[in-house]
Amino acid sequence: RSSDLVALDAAGNAYVTGSTQSTDFPTKNPIQPGNIAQSDAFVAEVSPAGALLYSTYLGGALNDYGTGIGVDSSGNVIVSGYTYSSDFPTQDALQSSLSGGSDLFITKFAPGSTSLLFSTYLGGTGLDRSSAMVLDASGNIYITGDTQSTDFPVTANAYQATLAGADNVLLTKLDTTGSVLVFSTLFGGAATDQGTALTRDSAGNI
């Protein structure tokens, strides 16, 4: 199913991400109780009646932005975004440290958002940003955005393996554990190209 900044589970609970500069953003049972930067990502769960079930900051010492959220069939919450923080919280990470000025992040919360199942950076030595995310029926994660990195992680079956201009679209697929880069490619020309949305059809095409 597709996700933007809001996702719904089967019970109608709403999951929201984004970014906040507020030091008094409403939290409930957070894994990160306060913000430590000018802007942090946040993750919140709201019941169909409008009750706040869960809310946390998510970020490090520099700016962090949540740009996509989804819920898989087991009730796990997956959040994507990008971060400038070298101390963004990681767990069983595919990439454990910040590689450039900004990197993508992908974070998976257990149901009830009481713990991180995994949290990883993904990026190269330039600026990397995510704009949208979608999950498939198995919980695999697809992300698009843009990269200025000549060494953004790509796979052997990439449609375009090298940066063609100053800024190219990125399209990346991670498995449900966040430990395998199933598919990752660049897409673009000699100028500036940015991916801003994606979806999947019934045959699994992106």
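All residue numbers refer to positions in the sequence shown, counting from 1.
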Residue pairs passing the ring pair (Phe, Tyr, Trp, His ring centres under 6.0 Å) test where at least one lies in residues 84-114, sequence neighbours excluded: Phe88-Phe105
Check: Asn76 and Pro111 side chains under 4.5 Å, non-hydrogen atoms: yes
Exam field: side chain Gln148 to backbone Asp128, donor-acceptor pair closer than 3.5 Å: no
Taking every non-hydrogen atom, the tightest pair across Ala7 and Gly70: CB-CA, 3.9 Å
Main-chain N/O of Gly145 paired with Ser131 side-chain donor or acceptor, under 3.5 Å: no
Minimum side-chain heavy-atom gap Val79-Val77 below 4.5 Å: yes
Contacts of Tyr65 that satisfy ring pair (Phe, Tyr, Trp, His ring centres under 6.0 Å) - sequence neighbours left out: Tyr82
Sub-4.5 Å side-chain heavy-atom contact between Leu135 and Ile141: yes
Pair listing, ring pair (Phe, Tyr, Trp, His ring centres under 6.0 Å) test, anchored in residues 113-166, at least two apart: Tyr159-Phe187
N/O donor-acceptor pair under 3.5 Å between Ser130 side chain and Gly81 backbone: yes
Donor-acceptor pair, side chain of Thr147 and main chain of Ser149, under 3.5 angstrom: yes
Pairwise distance CD(Gln194) to CG(Leu170) - rounded to 0.5 angstrom: 10.5 Å
Residues which pass side-chain hydrogen bond (donor to acceptor under 3.5 Å, both in side chains) with Thr177, listed by chain and number, not counting sequence neighbours: Asp175, Ser179
Pairwise distance CG(Asp193) to CG(Leu163) - rounded to 0.5 angstrom: 9.0 Å
Heavy-atom donor-acceptor pair, Gln160 side chain to Thr162 backbone, under 3.5 Å: yes
Pairs where residues 44-59 contributes a residue and the test side chain to side chain donor-acceptor pair (under 3.5 Å) is met, not counting sequence neighbours: Tyr15-Glu45
Test item: Arg200 and Asp136 side chains (from C-beta on) under 4.5 Å apart, heavy atoms: yes
Pairwise side-chain contact, Leu5 with Ile69, heavy-atom cut-off 4.5 Å (strictly under): no
Nearest heavy-atom neighbours spanning Ala197 and Ala132: CA-CB, 3.9 Å
Shared-cluster residues of Val46, by chain and number - hydrophobic side chains joined below 4.5 Å: Leu52
Evaluation steps, side chain to side chain donor-acceptor pair (under 3.5 Å), between Asp103 and Gln95: CA-CA 10 Å; Asp103 281 353; Gln95 178 181 318; 3.1 Å; yes
Whether Thr17 side chain and Phe42 backbone form a donor-acceptor pair below 3.5 Å: yes
Min side-chain heavy-atom separation Leu171-Leu198 under 4.5 Å: yes
Side chain Thr83, main chain Ser85, donor-acceptor under 3.5 Å: yes
From CG (Leu122) to CG (Leu181), nearest 0.5 Å: 6.0 Å
Expected output: side-chain Ser99 to main-chain Thr125 donor-acceptor under 3.5 Å: no
Full working for side chain to side chain donor-acceptor pair (under 3.5 Å) between Thr192 and Asp167: CA-CA 5 Å; Thr192 295; Asp167 196 353; 5.2 Å; no
Ser119 (side chain) donor-acceptor with Pro89 (main chain) under 3.5 angstrom: yes
Asp72/Lys108 salt bridge by N-O under 4.0 Å criterion: yes
Asn13 side chain reached by Pro48 side chain, heavy atoms, under 4.5 Å: yes
Check: Asn140/Ser138 side-chain N/O donor and acceptor closer than 3.5 Å: no
Spacing of CG belonging to Asn157 relative to OG belonging to Ser184, to within rounding of 0.5 Å: 9.5 Å
N/O donor-acceptor pair under 3.5 Å between Thr176 side chain and Gly139 backbone: no
Interatomic spacing from CD1 in Ile106 to CG in Leu174 - rounded to 0.5 Å: 5.0 Å
Minimum heavy-atom distance Arg129-Ser102, with the two atoms named: CG-OG, 4.1 Å
Least distance between heavy atoms, Ala37 atom then Gly60 atom: CB-O, 3.3 Å
Point-to-point distance, once rounded to the nearest 0.5 Å, from CG of Leu62 to CD1 of Ile36: 9.0 Å
Residue pair Leu104 / Ile143, side-chain heavy-atom distance below 4.5 Å: yes
